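Notes to accompany the following structure.
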Protein chains: 2
Amino acid sequence: MASRSYGQYCGVTTAVELIGERWALLIVRDLLVGPRRYTDLKQGLPKIPTNILSTRLKELQEGGVVRRVPLLHCGLVYELTPYGRELEPIVLALGRWGFAQMGDPQPDDVVTADSLTVALRTAFRMDAATALPPADYELHVGDVVLRVQVSADGLRIAQVQPAGRPVDPKLGGQASTAGDPELVFAAGPGIRRLISGELTPAEAIDQEVLAVVAGDATLLERFAQTFRIEPGVVLAA
Amino acid sequence: MASRSYGQYCGVTTAVELIGERWALLIVRDLLVGPRRYTDLKQGLPKIPTNILSTRLKELQEGGVVRRVPLLHCGLVYELTPYGRELEPIVLALGRWGFAQMGDPQPDDVVTADSLTVALRTAFRMDAATALPPADYELHVGDVVLRVQVSADGLRIAQVQPAGRPVDPKLGGQASTAGDPELVFAAGPGIRRLISGELTPAEAIDQEVLAVVAGDATLLERFAQTFRIEPGVVLAA
DNA sequence: CCGGATCCGAATCGATACTG
DNA sequence: CAGTATCGATTCGGATCCGG
C-alpha cells in the first residue's frame, strides 16, 4: 500500500510520495474548491478510472491530506484536511506555471467547473481588486457557469447550475449571491489569450473568443485587469 | 510520446503533464542545484532506472523545462531552462510541505548531496540571516559534506568532495569557499528534529543526532535559528 | 443514483544487461 | 560517459458489476 519509495530521506521526496501519483493533485485541486462527493469528483475528472479514484482517495487519507466526512442522512463527502489545504498556494503556483505552456485545447479537452474556478483563482490579482471598483460577473464557458464577484475583500466564485440558481453552498462554491451580475459573458478556451494579455477585450470579441450576453461590456476591461497571468510570475500568496 | 492526457484544458493539468510523471520532479530538484551530467543525476537518484532517467530527460526537454548543453571537450550537461527555473519556489514549497510529514528514515533511505542542499534551501530563513551575524559551517551527513555560508547576502552552499576541496564550481554548488569554516559538525537524519524545532541543539547533541567535529559549538544555536521549518508555513519567495 | 469493488488487456515501470 | 535493449513485475485504464 505504501507507494513505491524513492529511497531518499528528503522533504521533496516525501511530498511527491504523498501527492505525486497520477491524478492525485487533480483531486486535490478540485477539493480546494470545496468538499466533494465521490460522484462529484468522478464527474469533475471525467477520464479518471473509478478504481484509481478510490485508490487515490484512500492514499490521500492515509497521507493525512484528505478526510472522509459523513453527512447526516445525506451521503458523505471528501474534504481536505488543514494539512491538505496548505497545498493551496502550491497548486495555484503550479497552475500559473502550467498556464504559460498551455497550447490550444485538444479536440476532446473539457473545462470543468472546478478547474475553471481554480484557474480564475490562479489568475486573480488582489492588487487590481483593491485598486478598481468592485465588480460582479457571470462567466459561461461551455456549459459551466460561474458567478464571479470581485471586491476589495477578495474574490468569491460560486458555481451556478445551468437551470437557475447557484448550487448548494455547503458543497459548491461559496454562499449566497444576491442580485444580478453586472456583466454576463461567454467565452471559449481562447479566453486564455485574454488572461495572458495576448488579446485585449476588444480583440477577443472581434475574434469571437468572447461574447457579451448581457450587461455593461466596458466591465470586460476591468475583468482583464483583475484576472491576468504574466509569464515569469509564478509565485504569490 | 505525449504523455497520456488528463483531458482537461487547465493550467494545473498542463503542469502535471509536464512534471508529474514519476521521478520528474526529483530530476528538477537536483537540477535546481546546478547543471548535472547524466551520470551525476543517476548517482543523485540511486534508485532511478536508467531507461526512465533517459525518458524523463527527453520529456522534460520537449516540455521546455530542461535543456541539453554540450560542454566543449568535456561531455555534456543537462540544465534547467529559465522556464524550468521558475519551478524553484514551487519545489522549495513542496519540500517544506513534505517536511512536516517525514517520519523517521526507512532502513535503506539515503541522503544525497543535492537533496540535502535543496533541503537546506527550503529551511533557510532570510530574516534570521539578516538579523544574525554571518556564519560559515561545514555540515556532514553520511558521506555528504556541505559548506554552508550564511550572510546578509543570503545563503551559499557548496558541495565538498570527501577527499578535500569543493567540487568544480561550474558543475557543483557555487564558487570559491575561501578559508576555514567556523563550525564543523556531523548529523544523522535526526537533524530533521532540530530543523522542526522539536529539539534544541543541546538536546540534539545529548541524543547523538548531532556531533561537533571542530570549531565553535555555540554557533549551533545560530544554525538552528537560520534553518527552521515551522508547520503550516509552506510558502515563501 | 451513490459509493465503490472486480476483472482484464494495455501501457508503464524497474532491474539488469549490453553497446558506441 | 551516455545512454539502448530486453523482459518480468506493477500500475493504469476501461468496462462491468454489486450492495445500499
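Throughout, protein chains are lettered first and strands after them, A, B, ... in sequence-line order, and every chain is numbered starting at 1. On a predicted model such as this, the values are computed, not experimentally measured, just so you know. Only this structure's heavy atoms are used, side chains among them; waters, hydrogens and symmetry mates stay out.
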Indicate, with a heavy-atom threshold strictly under 4.0 Å, whether [X] touches base, sugar-phosphate, or nothing.
X: K47(B); result: sugar-phosphate
X: L53(A); result: nothing
X: I48(B); result: nothing
X: T50(A); result: base

Distance, rounded to the nearest Å, where [X] contributes [atom1] and [N] contributes [atom2]:
X: E59(A); N: dT11(D); atom1: CD; atom2: P; value: 9 Å
X: L41(A); N: dC1(C); atom1: CG; atom2: C1'; value: 16 Å
X: Y38(A); N: dG4(C); atom1: OH; atom2: P; value: 7 Å
X: Q43(B); N: dC1(D); atom1: CD; atom2: P; value: 8 Å
X: K42(A); N: dC1(C); atom1: NZ; atom2: C1'; value: 12 Å
X: R4(B); N: dA11(C); atom1: CZ; atom2: P; value: 10 Å
X: R22(A); N: dC13(C); atom1: CZ; atom2: C1'; value: 13 Å
X: K58(A); N: dA5(C); atom1: NZ; atom2: P; value: 4 Å

Would you call the rings of Y6(A) and W23(B) parallel, tilted or perpendicular if under 30° counts as parallel and over 60° as perpendicular? perpendicular
| request: Hey, can you tell me if W97(B) and Y83(A) have their rings parallel, tilted or perpendicular (30° and 60° cut-offs)? | output: parallel
Phosphate oxygens OP1/OP2 of [N]: is one of them under 4.0 Å from a side-chain N or O of [X]?
X: S54(A); N: dA5(C); result: yes
X: R68(B); N: dG3(D); result: yes
X: Y78(B); N: dG3(D); result: yes
X: W23(A); N: dC12(D); result: no

Nearest heavy-atom approach of S5(A) to G7(A) is OG-N, 2.8 Å
Looking only at heavy atoms, the pair that brings F124(A) and G154(A) closest together is CZ-C, 3.9 Å
Is there a side-chain contact between [X] and [Y] in this structure, where contact means two heavy atoms from C-beta onward sitting under 4.5 Å apart?
X: Q106(A); Y: Y9(B); value: no
X: H140(A); Y: F185(A); value: no
X: V148(B); Y: E138(B); value: no

Using only heavy-atom distances, decide whether a donor-acceptor pair under 3.5 angstrom links the side-chain of N51(A) to the base of dG4(C). no
Which of dG4(C), dC12(D), dG3(D) is nearest the side chain of R56(A)? It is dC12(D)
Check: Can any side-chain N or O of R96(B) pair as donor or acceptor with the backbone N or O of T122(B) at less than 3.5 Å?
Finding: yes
Computed from five pairs at either end and rounded to 10 degrees, the angle between the axes of the helix from dC1(C)-dG20(D) to dG20(C)-dC1(D) is 30°
